[in-house]
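Accompanying notes for the structure given below.
A note on names: the letters A, B, ... follow the listed sequences, proteins ahead of strands, and every chain is numbered from 1.
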Amino acid sequence: MMQSIFMTGLGGQGIITLANLISGQASDKGLKVTLFNAKGMAQRGGRVTSEIRLSDDPDLAFGARICAGKADILIGMEIGETINSLSYLKEGGAAILLDYAFVPTTMVLKKEPYPSFQQLTELCAQKTDRIFAVSEAGHPYNMFLLGVFSAVAPEIAPTLSFFSKKSVEQAITTKLKRGLEENLETFNGGYAHGRSLLQHV
Amino acid sequence: MKRSIIGNQAVAYGALAAGIDVAAGYPGTPSSEALNELLHFSRKNNPAPYVEWSVNEKVAFELATGAAWAGKRALATMKMSGANVAADSILSVAYSGTKGGLVLYIADDPGAEAGMPEQDTRLFAQWAGLPVLEPADPARAYELARYAFQLSEACELPVILRSVTSVAHAKQEVEGEYAYTSLKRKADFEKNIFRYTKAGAVICMDQHRDLLERLKTAESSASKAGINSLHKVGGGDLFVVAAGALIPYVREAMSGGNHHGLSTLFLESVFPLDTQLAGEMFEKATRILVLEELEPFVEMQLRSEASRLGWRGTILGKLDELFPRIGKYSQEIMGRGLTLLSQGRKADSPTRDSDSGGEKAAGGPTALQPTEQPGTAAKAAAAPNVKHPITFCAGCPHRGSFMAINRALKKIGLNRDNTVVTGDIGCTILGMNPPFHTCWTEVSMGSSIGLAQGFFWAGVENPVIATIGDSTFFHAGIPPLVNALQHGTNLLVIILDNGWTSMTGFQVNPGTAEQFQAKGARRVEIEGIVRGMGVENLQVIGPFDQEQSVDTIAKALQQQGVKVIICQQECALTAARREERALIYLIDSEKCTFCRSCLRETGCPALYVKANGGKSKHGQVMAIDPELCTGCGLCFTCCKFEAIGRQKVGGSKS
């Protein structure tokens, strides 16, 4: 079986680190993995996306890019950009959505309304009822979402059953140099939150 | 050994495995990581090839050519637009051919994810008469980068290794040597004016003949090497032809027993056409589906070969407007193409769109338009479409330069809507975005200075300003500045010098500070170049000093002749990687009136709106994110209410 994970957000949110850690877990388990980061405008406040595709069948052929409507999982780190990426989520797929908005300067100045988290979840609900809505996340957000993902991933798909709290903690410890304690604490907070979300989804 | 690397890195390691002695390039997304990786490798290893970021792509290609003519293996890297810059030399070198393996790595960008033209380098290669290899994925990028040098030496031609963003930036495990062994060739350049000059019609036409002969050799060499693969299923007459980056997606669509009964021709050597395999296909085929992004390059070659052979079947492709020439292909488009191929003749009509589920793009003539547009589903549900325009980073010196230009125009009674300010390639072009709205044009490297002279001679009413970054100035800004000087133009050139080639990932350029130059390299200062040209009216300013900057620009705008102002301040991101901030700015919520002048003028990403619990008139105030603020102080210059103050990092307010 294969899984396609589409991640979206803004530069500076740590989406690439999150994608590297998730795809790294899969490579460490010997799965066939591709990762595509679209980060050209990352440092200038622009949209960032990561596409992860993984398969437990080493002979399965696939390309690195995810087609519209084909993502099994969508991880959205910013409300506006997640709305822009909803087309990638397949019908009935799983969505991990973060309640965070970054309102562009132009919209602040023109006092244009920015989409709310409720609007996002409602739009998402048109495609799936498997929504993990993360409203009160700890900092840094990417570590919190990594925690949520690690908790829910094994329940989303058998292909992701290898995701364990322990191995992700190990990866954080060995791969991230700065702010280890804060990262681990936030990850654990996210993991606990993910476990609790599972009871409702 | 296996490593998880992106396609660009795979090209670097393939070239190392081929034993290159020289590599040169100019940064450009999506190609940059190839030379970055080689540079990184050459700093850490001995022996290692000579690697450099050249001043532009033409110089990089010429440098690689010189090494290859002396018998060494050499690589030049660039993005598709860079090939245009190097074109003059590429077309000439094609006539002369090469001795040592010479490979040009050029990355294209279907879907313009890096925001440049959807230029198809394969057409460029055909124009120049150079063989093209097009890897399917990073693992093949490694193999083909390595093979490209063999092919180049076998046919004595430079070879173009062409990739696209989806391969260049895709990461996967790649089996490779990850090591360098020098071929230990002695540099030996044979004196032969008949091959290495263009002095005379006979020489040129002889070289043209040699080029065409060498192309034939290229075709047979690549064919023998088995780069392409034809897979015939039984006595089937339906064929799918896929090129380069699309091959894995076609395999994916055909896995699990879908579309069984379809034969395949997978092409990674796309020019010249493998007529051997194409001929075998035409013997069996009645219907052929061609899958390739951008221009109908393989399709045109196949149609031409079909015509030559007198083949009378159907080719499904772009020339019948069945497939789009714009953007990247989604799996959905390819899947529908495969279905059309299998369904038989009744589905041939180019306008037929019965099975597409109503997803035909509005207004497009094409049956299989891409539907992979972010936002389509959201739009269908009438959701707000949010765009995050890219802007200068917090602390970017270019913010100060564009604020100063806008303020200087105002000071002398002009404004950004009645005064032409040309922009150029790189971070500096963000001066066109809100809240600055300063730049009017962006064409190509160095074009700001040339275009500005055109506006001047056309007689536009107000003074003309050209803006250009430091690396862009070195790349192609010097000749047009010389031109302006010679012809007595009235022109203000503002060079935004942040010391790095930042947009593409902080590569070193000639103006980068001495301590960051490679061993044995030195800094070349812009100021010295401009003075040396004979520019007398030259000022060097710091863009965070708004008072000085505005005065200097305003004064220059009222003077005659060529004026040059260099705005000098290091890129905030490179500086932040080395140095701790000395101070940051804060907004006093009690004093902030929420007039938003700071945001309106700077557009700084460190500024945000904060709820103020109904204390202020609007219930909201502006605030500064202390993590993002670099202490540039530009917002400080906007506030009339003294609400913005500075604080030492780890210290007290002042």
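The candidate from B:M254, B:H169, B:R251 with the greatest count of non-hydrogen atom pairs under 4.5 Å with chain A is B:H169. Counting heavy-atom pairs under 4.5 Å between each of A:R53, A:K70, A:M107 and chain B puts A:R53 at the top. Between chain B and the options A:K111, A:E122, A:E112, the largest number of non-hydrogen pairs under 4.5 Å is found for A:K111. Here A:P115 is the residue among A:G80, A:P115, A:C124 with the most heavy-atom pairs under 4.5 Å with chain B.
Here the side chain of B:Y249 pairs a donor or acceptor atom with the backbone of A:R65 at under 3.5 angstrom. Looking at A:N84, its side chain does come within 3.5 Å of a backbone N or O of B:V386 through a donor-acceptor pair. A donor-acceptor contact shorter than 3.5 Å links the side chain of B:E252 to the backbone of A:G63.
Both the backbone and the side chain of B:S166 come within contact range of chain A, with heavy atoms under 4.5 Å apart. In this structure, chain B has a heavy atom under 4.5 Å from the side chain of A:E78, while its backbone stays farther away. For chain B, the nearby part of A:L60 is the side chain; its heavy atoms alone come within less than 4.5 Å.
For A:D72, the salt bridge (charged side-chain N to carboxylate O under 4.0 Å, His left out) test picks out A:K90, with sequence neighbours left out.
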Donor-acceptor pairs are to be reported for all side-chain atoms of residues 600-609 of chain B against protein atoms at under 3.5 Å, with residues two or more places apart or in another chain.
from, atom 1, to, atom 2, distance (Å)
B:R600, NH1, B:C595, O, 3.4
B:E601, OE1, B:R407, NH2, 3.2
B:E601, OE2, B:R407, NE, 2.6
B:E601, OE2, B:R407, NH2, 3.1
B:T602, OG1, B:C598, O, 2.7
B:T602, OG1, B:C604, N, 3.1

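Taking all atoms of both residues into account, the shortest heavy-atom contact from A:V108 to B:R596 is O-NH1, 3.3 Å. The two atoms that bring B:T165 and A:F36 nearest to each other are O-CE1, 3.2 Å, heavy atoms only.
Contacts with chain B (heavy atom to heavy atom, under 4.5 Å) involve these residues of residues 91-106 of chain A, listed by number: A:F102, A:P104, A:T105, A:T106. At a heavy-atom separation below 4.5 angstrom, chain B is approached by A:N20, A:V33, A:T34 within residues 20-34 of chain A.
Within 6.0 Å of CD in A:E155 there are more than 12 heavy atoms belonging to other residues, nucleotides or ligands. Counting non-hydrogen atoms of other residues, nucleotides and ligands closer than 6.0 Å to NZ of B:K2 gives a total of 12 or fewer.
At least one side-chain heavy atom of B:L599 sits under 4.5 Å from a side-chain heavy atom of A:L109.
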